[in-house]
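Right, one structure below, let's go through it.
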Amino acid sequence: MKSVKEVSKLSGVSRRTLQYYDEIGLLPPSAVKKSGYRQYDDESLRRLWSILFYKELGISLDDIRLLLESPREMEKEIMRQHKHILLEKKAQLEKMIVSVDRILNDEFDLSMLRDFDQNRIKATMKTYAKEIRALMESGFFLPLVKSGIFPGSISIVKNASNVMNTDFGELVSLSAEVIQKFREAMIDGPESLAAEAAVNAYRELINIIWIPCDDQSFRKIGWAYSVHKEALNQKSPGLAEFVSKAILHVYQ
């Protein structure tokens with residue numbers, strides 16, 4: 001267990017910031033002594049690392065909270081994506097070091113100008129940022145995760161890759177399509193044909209990417225949207241209730 005002072009010294013995060021993270025429920029301490037001093041175990045420090053990692057990516061604290069509530073596999077996949085960018089930057093720095101050595105030896109050729117070309121890295125970051133923004137909408141899937149119908153051992157991304165031979169970007173795109181169908185269906189109401197089509201698309205996505213679920217399990221998902229709705233409603237007011245009503249109408 002580490003004290004606030006020790007955590008602050010290890011991470012560079014101020015005591016006031018750690019206190020704030022506790023106040024907003026982002027990083028509660030593992031234990032609080034009778035004296036009021038907060039303490040953090042290895043799991044809490046692992047969570048702090050994730051918070052600092054996401055902040056480095058420019059993700060807001062609200063979105064960080066959503067990500068931390070998502071399945072661990074999602075977090076790992078985000079890190080895998082960001083690792084590609086870090087490796088691109090590392091390769092460019094290594095090339096630049098070689099070029100500096102050549103300049104010091106009074107050598108030069110035109111290929112060395114490519115050391116300063118950031119286009120490839122920017123393109124990678126642009127694609128990555130698009131996928132991260134889309135993943136923020138996966139607050140939509142938090143009620144599904146909290147419904148309790150899936151074993152914690154299920155690896156969402158791994159299973160999707162095995163079954164559909166897809167990558168993270170394609171998985172996000174498929175998920176975004178389902179979300180958009182529900183949003184568009186809100187105009188016509190939860191008992192409309194558009195809502196029914198959105199429900200069917202959602203169930204198909206679940207059956208393909210996760211595991212097949214029967215009607216009873218899908219009704220349980222519908223109820224989960226009426227219970228675990230706060231995070232989704234912050235992103236899209238009224239969407240959680242609409243999804244719940246639409247699912248329960250189709251599978252009443």
Side-chain angles (χ1 to χ4, degrees), residues 24-26 28 47 50 54 59-78 131-160 163 168 171-192 194-252:
I24 64 175
L26 188 61
R47 186 178 176 93
S50 295
Y54 290 134
I59 299 175
S60 70
L61 293 181
D62 286 338
D63 286 336
I64 289 174
R65 181 183 290 105
L66 289 179
L67 286 168
L68 292 176
E69 291 177 359
S70 298
R72 179 62 62 88
E73 183 64 29
M74 281 294 188
E75 179 184 16
K76 289 183 178 179
E77 192 61 28
I78 291 172
E131 292 177 354
I132 289 295
R133 284 195 299 271
L135 183 60
M136 292 303 98
E137 301 298 339
S138 72
F140 177 88
F141 296 105
L142 284 180
L144 169 64
V145 174
K146 293 183 177 181
S147 67
I149 70 169
F150 301 118
S153 60
I154 287 180
S155 170
I156 294 173
V157 175
K158 183 178 180 181
N159 200 47
V163 176
F168 183 62
L171 172 59
V172 170
S173 295
L174 288 170
S175 302
E177 288 176 11
V178 170
I179 297 169
Q180 188 59 30
K181 284 181 182 293
F182 275 110
R183 284 179 171 162
E184 293 174 354
M186 290 179 74
I187 299 174
D188 300 321
E191 299 181 5
S192 65
E196 182 177 352
V199 169
N200 291 335
Y202 191 15
R203 182 164 183 177
E204 182 179 355
L205 178 68
I206 293 173
N207 286 338
I208 293 175
I209 296 181
W210 286 279
I211 56 175
C213 65
D214 55 23
D215 290 358
Q216 182 178 355
S217 296
F218 207 64
R219 283 194 294 271
K220 190 173 182 180
I221 293 172
W223 282 111
Y225 273 88
S226 67
V227 176
H228 306 289
K229 58 188 178 181
E230 289 77 11
L232 179 54
N233 278 341
Q234 287 180 5
K235 293 287 180 182
S236 303
L239 182 56
E241 291 90 344
F242 178 82
V243 173
S244 177
K245 291 178 181 177
I247 291 176
L248 295 176
H249 172 71
V250 176
Y251 293 95
Q252 55 186 336

Response to the item:
Applying side-chain contact (heavy atoms from CB on, under 4.5 Å) to K245 and not counting sequence neighbours gives P190

Discussion item. If the condition is salt bridge (Lys or Arg N to Asp or Glu O under 4.0 Å), which residues does R47 pass it with, not counting sequence neighbours?
Written reply: none

Discussion item. Restricting to side-chain contact (heavy atoms from CB on, under 4.5 Å), what partner residues turn up for A195, sequence neighbours left out?
Written reply: A185, S192, F242, A246

Worksheet item: Do the side chains of F218 and I206 get nearer than 4.5 Å, heavy atoms only?
Response: yes

Discussion item. Under the rule for side chain to side chain donor-acceptor pair (under 3.5 Å), what residues qualify as partners of E184, not counting sequence neighbours?
Written reply: Q180

Worksheet item: Listed by chain and number, what are the salt bridge (Lys or Arg N to Asp or Glu O under 4.0 Å) partners of D188, not counting sequence neighbours?
Response: none

Worksheet item: Between the side chain of S226 and the main-chain N/O of S244, is any donor-acceptor distance below 3.5 Å?
Response: no

Item to complete: Check whether any side-chain heavy atom of V243 lies under 4.5 Å from a side-chain heavy atom of V199, and answer yes or no.
Response: no

Worksheet item: How would you list, by chain and number, every residue that makes a side-chain contact (heavy atoms from CB on, under 4.5 Å) with K229, sequence neighbours excluded?
Response: N233, A240, E241

Worksheet item: When rounded to the nearest 0.5 angstrom, what is the spacing between CG in L205 and CG in N200?
Response: 12.5 Å

Discussion item. So, taking the atom named CZ in F140 and the one named OG in S236, what distance separates them when rounded to the nearest 0.5 Å?
Written reply: 9.0 Å

Worksheet entry | L248 side, atom CG; I221 side, atom CD1 - distance, nearest 0.5 Å | 11.0 Å

Worksheet entry | For Q216, all residues meeting side-chain contact (heavy atoms from CB on, under 4.5 Å), sequence neighbours excluded | D214, R219

Practice prompt. For the pair Y202 and Y225, name the ring-plane relationship: parallel under 30°, tilted 30 to 60°, perpendicular over 60°.
Written response: perpendicular

